[in-house]
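In this chain, residues are counted from 1 in sequence order.
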Amino acid sequence: MKAMIFAAGLGTRLKPFTENHPKALAIVNGKTLLERNIQYLKSFGINDIVINIHHFGQQIIDFLKYHNYFDCQIEISDEREAVLETGGGLKKAEPFLQENSFLLMNVDILTDLDLNSMIRFHEQYQPLVSLAVSDRNSSRKLFFSNNSLVGWSNLTSGDSVFKDGFSLSDTDAFAFSGIHVVNPKLFKLMQERGKYSIINTYLDIMETQNILGYKHSAQLIDVGKPESIQEAEKYFA
């Protein structure tokens with residue numbers, strides 16, 4: 001299975017570090033987030049990886065070259081002309097990911113989630129997309145009914161999108177963990193162009209497509225702020 005690491009973001013929450021570096025190169029206990037997630041994927045036998053770049057993208061390329069690409073097959077999806085977020089970034093990387101189901105993950109997520117178990121789940125139930133989710137505090141939640149995606153809500157602003165016939169009161173809410181397993185049939189359903197979130201695509205197609213939640217209780221830290229680096233260093237040696 002191939003994987004794609006989303007590493008193009010501006011990382012504004014990680015300032016001042018990201019004023020001069022990409023967030024992918026933020027360091028947790030002496031190792032960058034990018035190295036940690038490449039090694040994480042390798043520990044599950046995933047050695048064929050696509051990485052998208054934008055903000056200080058050349059630093060990521062130089063880092064990979066210096067480390068001999070960590071003995072992986074790594075391809076770069078170059079977004080230096082314009083950052084495309086997760087939806088546009090995935091669409092741009094389509095030529096690398098057309099053959100089989102693949103895994104997506106955010107570079108600023110650190111976790112000990114068992115990817116083998118998640119991949120087996122995806123292979124058993126054959127949804128278009130499997131989303132890693134957990135019961136934890138988050139201002140944005142995905143909503144499921146019988147494990148199928150039926151909605152999203154920003155609990156702070158009150159904005160929400162639900163499949164016809166569903167609401168907050170009759171569904172199960174979980175926080176998204178930033179990891180997906182995706183059937184490449186998704187590409188034909190991606191109608192937007194330019195910069196957009198892949199979550200928007202999932203919400204657009206949930207009426208007709210099977211998108212399932214893979215519930216887990218693994219350790220997971222969103223390393224999006226300087227203080228979250230300190231939190232991550234408690235758990236990731």
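At a threshold of 4.5 Å between non-hydrogen side-chain atoms, the residues L103 and L115 count as touching. Considering only heavy atoms from C-beta on, C72 comes within 4.5 Å of I38 through its side chain. With a 4.5 Å cut-off on side-chain heavy atoms, Y40 and L113 count as touching. Between Q219 and T111, the closest side-chain pair of non-hydrogen atoms is not below 4.5 Å. Residues I199 and L203 meet the side-chain proximity criterion, which asks for heavy atoms closer than 4.5 Å. Counting heavy atoms from C-beta outward, V107 and I51 have side chains that stay 4.5 Å or more apart. Looking only at side-chain heavy atoms (C-beta outward), K141 and S153 stay at 4.5 Å or farther from each other. In this structure, E94 and M190 have side chains that are not in contact, with every pair of non-hydrogen atoms separated by 4.5 Å or more.
The minimum heavy-atom distance linking T171 with F162 is given by the pair OG1-CE2, 4.0 Å. In plain terms, the two heavy atoms of E79 and E85 that are nearest each other are OE1-N, 4.4 Å. Taking all atoms of both residues into account, the shortest heavy-atom contact from A232 to I221 is CA-CD1, 3.5 Å. Here the closest heavy-atom approach between residue S134 and residue H216 is recorded as CB-O, 3.3 Å. Between Q191 and K188, the closest heavy-atom pair is NE2-O, 3.4 Å. Shown here for D204 and E192, the closest heavy-atom pair between the two residues is OD2-OE2, 3.9 Å.
Taken from CG in L142 to CH2 in W152, the straight-line distance is 9.5 Å, to the nearest 0.5 Å. We find the CG-NZ distance between N47 and K2 to be 12.5 Å, quoted to the nearest 0.5 Å.
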* To do: Could you go through the side chain to side chain contact (heavy atoms under 4.5 Å, CB included) check for L97 and M4 one step at a time?
  => CA-CA 9 Å; L97 300 166; M4 180 175 180; 4.0 Å; yes
* Run the ring pair (Phe, Tyr, Trp, His ring centres under 6.0 Å) check on F56 and F63 step by step: do they pass? -> CA-CA 11 Å; F56 292 105; F63 175 78; over 10 Å; no
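S157 and D159 share a side-chain donor-acceptor pair at under 3.5 Å. For the 3.5 Å distance criterion, the side chains of H21 and Q59 qualify, holding a donor opposite an acceptor.
Hydrophobic clustering of Ile, Leu, Val, Met, Phe, Trp and Tyr side chains at less than 4.5 Å, counting indirect connections, keeps V83 apart from I60. Linking ILVMFWY residues whenever their side-chain heavy atoms come closer than 4.5 Å, directly or via other members, places I46 and F121 in the same cluster. Both F6 and Y196 sit in one connected hydrophobic cluster of ILVMFWY residues. Membership requires side-chain heavy atoms under 4.5 Å apart, directly or through other members. Side-chain heavy atoms closer than 4.5 Å link hydrophobic residues (I, L, V, M, F, W, Y) into clusters, and following such links, possibly through other members, connects F176 to L104. Hydrophobic clustering (side-chain heavy atoms under 4.5 Å, transitive across Ile, Leu, Val, Met, Phe, Trp, Tyr) groups L128 together with V133.
A donor-acceptor pair under 3.5 Å links the side-chain atoms of E207 to the main chain of D164, judged by distance alone. Under a 3.5 Å cut-off, the side chain of N52 and the backbone N or O of A7 do form a donor-acceptor pair. No donor-acceptor distance shorter than 3.5 angstrom exists from the side chain of N183 to the backbone of S101, with no hydrogens or angles considered. Side-chain N or O atoms of Q73 include none that pairs as donor or acceptor with a backbone N or O of V50 at under 3.5 Å. A donor-acceptor contact shorter than 3.5 Å links the side chain of R36 to the backbone of V28. Without hydrogens or angle criteria, N106 side chain to I109 main chain gives no donor-acceptor distance under 3.5 Å. Proximity of a side-chain donor or acceptor of N154 to a complementary backbone N or O of T156 within less than 3.5 Å is detected. Without hydrogens or angle criteria, S177 side chain to I179 main chain gives no donor-acceptor distance under 3.5 Å. Panel note: side chain T86, backbone I198; a donor-acceptor pair is recorded below 3.5 Å. Not a single donor-acceptor pair under 3.5 Å links the side chain of T32 to the backbone N or O of I27.
Proximity of the aromatic rings of F102 and F187 is defined here by a centroid distance below 6.0 angstrom, and this criterion is met. Aromatic ring centres of F143 and F166: separated by at least 6.0 Å.
R136 is linked by a salt bridge (Lys or Arg N to Asp or Glu O under 4.0 Å) to nothing, counting only residues two or more places apart in sequence or in another chain.
Here the rule is side chain to side chain donor-acceptor pair (under 3.5 Å) with S130, and of H180, E123, H122 only H122 fits it.
Taking 4.0 Å as the cut-off between side-chain N and carboxylate O, D48 and K42 do not count as a salt-bridged pair. Ion pair E231/K225 not flagged as a salt bridge, since none of the NZ, NE, NH1 or NH2 atoms sits closer than 4.0 Å to an Asp/Glu carboxylate oxygen.
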